[in-house]
> 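Take this structure, written in structure tokens, and hold onto it; I'll ask about it next.
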Amino acid sequence: MWLYLAALLGLYFLHRWYQERQTVENLTEKYVFITGCDSGFGNLLARQLDARGLRVLAACLTQKGAEQLGKATSERLKTTILDVSSTESVAAATEWVKGCIGSKGLWGLVNNAGTALPSGPNEWLTKDDFAKLINVNLLGMIDVTLHMVPLVRRARGRVVNVCSTMGRLACFGGGYCPSKFGAEAFSDSLRRELHPFGVQVSIIEPGGFQTNIFTQAVENLKKVWNRVPSDIKEVYGEQYFENYCKIAQCAVNIASRKLHLVTDCMEHALTSCSPRTRYSAGWDAKFLYIPASYFPTSIVDFVASCIQPKPAQAV
């Protein structure tokens with residue numbers, strides 16, 4: 001019996017592997033719009049898809065980022081300036097995309113733009129700190145999607161949302177994890193709503209990678225600590241702050257430099273005939289964060305308490 005079950009499981013994975021290797025036809029005629037292309041995942045994906053011959057429409061936050069990307073890619077790739085937290089900017093980018101694609105529709109929308117700072121213990125932060133991240137990572141993603149979905153539906157294309165393992169397991173305070181939990185929920189509801197139209201929605205859940213924002217984590221903590229009220233500083237203590245910084249620096253040091261692990265997932269979601277619903281990128285995502293998100297809460301809390309520093313006035 002076990003032999004039959006093993007054989008069936010093997011056939012299932014072989015069939016899935018075969019299906020996922022089949023690529024979409026006429027990729028060189030497909031338009032893909034990517035947000036957050038100044039650096040990191042978005043920049044690498046834009047160059048990666050451009051090299052493959054797709055028609056990339058890359059949105060950058062700064063003119064400098066757009067110019068540098070343009071110099072590193074072919075004439076097919078076009079750039080525009082986009083601040084996803086501004087509805088006016090999103091509307092203008094949508095009109096620009098319509099002018100680029102004509103009647104063809106938009107094959108791919110990649111919601112990659114995001115930020116992780118400021119972050120830190122929740123009590124050290126303000127409402128505005130939370131709002132800054134949520135406006136970009138969640139509301140910005142929603143705004144761009146709502147503007148672009150009619151174009152994607154016309155092409156029966158793909159939506160690829162960059163979420164995070166921190167949208168499955170909250171490991172630190174601030175607006176980043178709430179925004180990513182929200183992005184996961186939005187993506188799930190969007191996938192079910194767009195399925196009848198032939199539009200597929202994929203979620204990318206990276207682990208720790210050394211992007212520009214990630215490597216600024218420790219410097220960000222110092223800025224946050226410097227403006228924490230004195231009474232709260234007394235509660236936590238200087239030693240807590242120093243140990244928290246050490247943990248953050250350790251996370252940066254062990255983060256992967258192989259950004260292509262993430263962009264390869266994005267590319268597969270855009271080009272495969274059978275894209276996955278979720279992609280976990282990085283060994284820490286596959287073997288630590290995603291599995292831990294299914295553990296009993298008491299176990300996860302216990303492990304976290306062993307890792308986190310102790311406040312000066314802890315009971």
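One-based numbering along the sequence shown.
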> Where do Glu205 and Lys286 land on the salt bridge (Lys or Arg N to Asp or Glu O under 4.0 Å) test, with the steps shown first?
CA-CA 9 Å; Glu205 298 173 329; Lys286 297 177 187 294; over 6 Å; no

> Ignoring hydrogens and angles, tell me if any N or O in the side chain of Asn43 forms a donor-acceptor pair with the backbone of Cys37 under 3.5 Å.
yes

> When you compare the side chain of Pro229 with that of Ile232, does any pair of heavy atoms fall below 4.5 Å?
yes

> Verify the distance criterion only: is there a donor paired with an acceptor across the side chains of Asp50 and Thr73 at less than 3.5 Å?
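There is no such pair between these side chains.
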
> So, Ser119 side chain and Ala116 main chain: donor-acceptor pair closer than 3.5 Å or not?
yes

> Within a 6.0 Å radius of atom CZ on Arg257, are there more than 12 heavy atoms belonging to other residues, nucleotides or ligands?
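Open: at most 12 neighbouring heavy atoms sit under 6.0 Å from CZ of Arg257.
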
> Set out, in order, the CA-CA distance, both residues' side-chain angles and the distance that settles salt bridge (Lys or Arg N to Asp or Glu O under 4.0 Å) for Glu95 and Lys98, then state yes or no.
CA-CA 5 Å; Glu95 293 304 313; Lys98 289 179 180 178; 3.4 Å; yes

> Heavy atoms, side chains only, cut-off 4.5 Å: are Val144 and His147 in contact?
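The answer is no; the side chains never approach within 4.5 Å.
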
> For the pair Ser202 (side chain) and Arg276 (backbone), establish whether a donor and an acceptor sit closer than 3.5 Å, ignoring hydrogens and angles.
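Pair found, side chain donor or acceptor close to backbone of Arg276.
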
> Going by side chain to side chain contact (heavy atoms under 4.5 Å, CB included), name the residues that satisfy it together with Ser89, two or more places apart in sequence or in a different chain.
Leu82, Asp83, Ser86

> Report the residues that fulfil salt bridge (charged side-chain N to carboxylate O under 4.0 Å, His left out) with Asp264, sequence neighbours left out, ordered by chain and then residue number.
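Result, salt bridge (charged side-chain N to carboxylate O under 4.0 Å, His left out) vs Asp264: none returned.
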
> Any side-chain heavy atom of Phe33 sitting closer than 4.5 Å to one from Val110?
no

> Under 3.5 Å, side chain of Asn122 to main-chain N/O of Gly174, donor-acceptor pair present?
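Yes.
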
> Is the ring centre of Tyr236 less than 6.0 Å from the ring centre of Trp225?
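Not close enough - the centres of the two rings lie 6.0 Å or further apart.
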
> Regarding Asn111 and Thr35, is there a side-chain donor-to-acceptor distance under 3.5 Å anywhere?
no

> Kindly say whether Phe241 contributes a backbone atom to a donor-acceptor pair with the side chain of Lys246 at under 3.5 angstrom?
no

> Determine whether a donor-acceptor pair (N or O, by modelled atom type, separation under 3.5 Å) exists between the side chain of Arg158 and the backbone of Val201.
no

> If you compare all heavy atoms of Val32 against all heavy atoms of Leu270, which two are closest, and at what distance to 0.1 Å?
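Nearest pair, atom of Val32 first, then Leu270: CG1-CD1, 4.0 Å.
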
> Is the shortest heavy-atom distance from the side chain of Thr277 to the side chain of Arg191 under 4.5 Å?
yes

> Is the side chain of Asn226 donor-acceptor paired with the backbone N or O of Lys222 at a distance under 3.5 Å, no angle test?
yes

> Is Asp38 reaching over with its side chain to a backbone N or O of Leu61, donor-acceptor style, under 3.5 angstrom?
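The answer is yes, because a donor-acceptor pair under 3.5 Å joins these two groups.
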
> Does the side chain of Cys177 come within less than 4.5 Å of Cys171's, by heavy atoms?
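They are not in side-chain contact.
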
> Does the side chain of Val97 come within less than 4.5 Å of Met148's, by heavy atoms?
yes

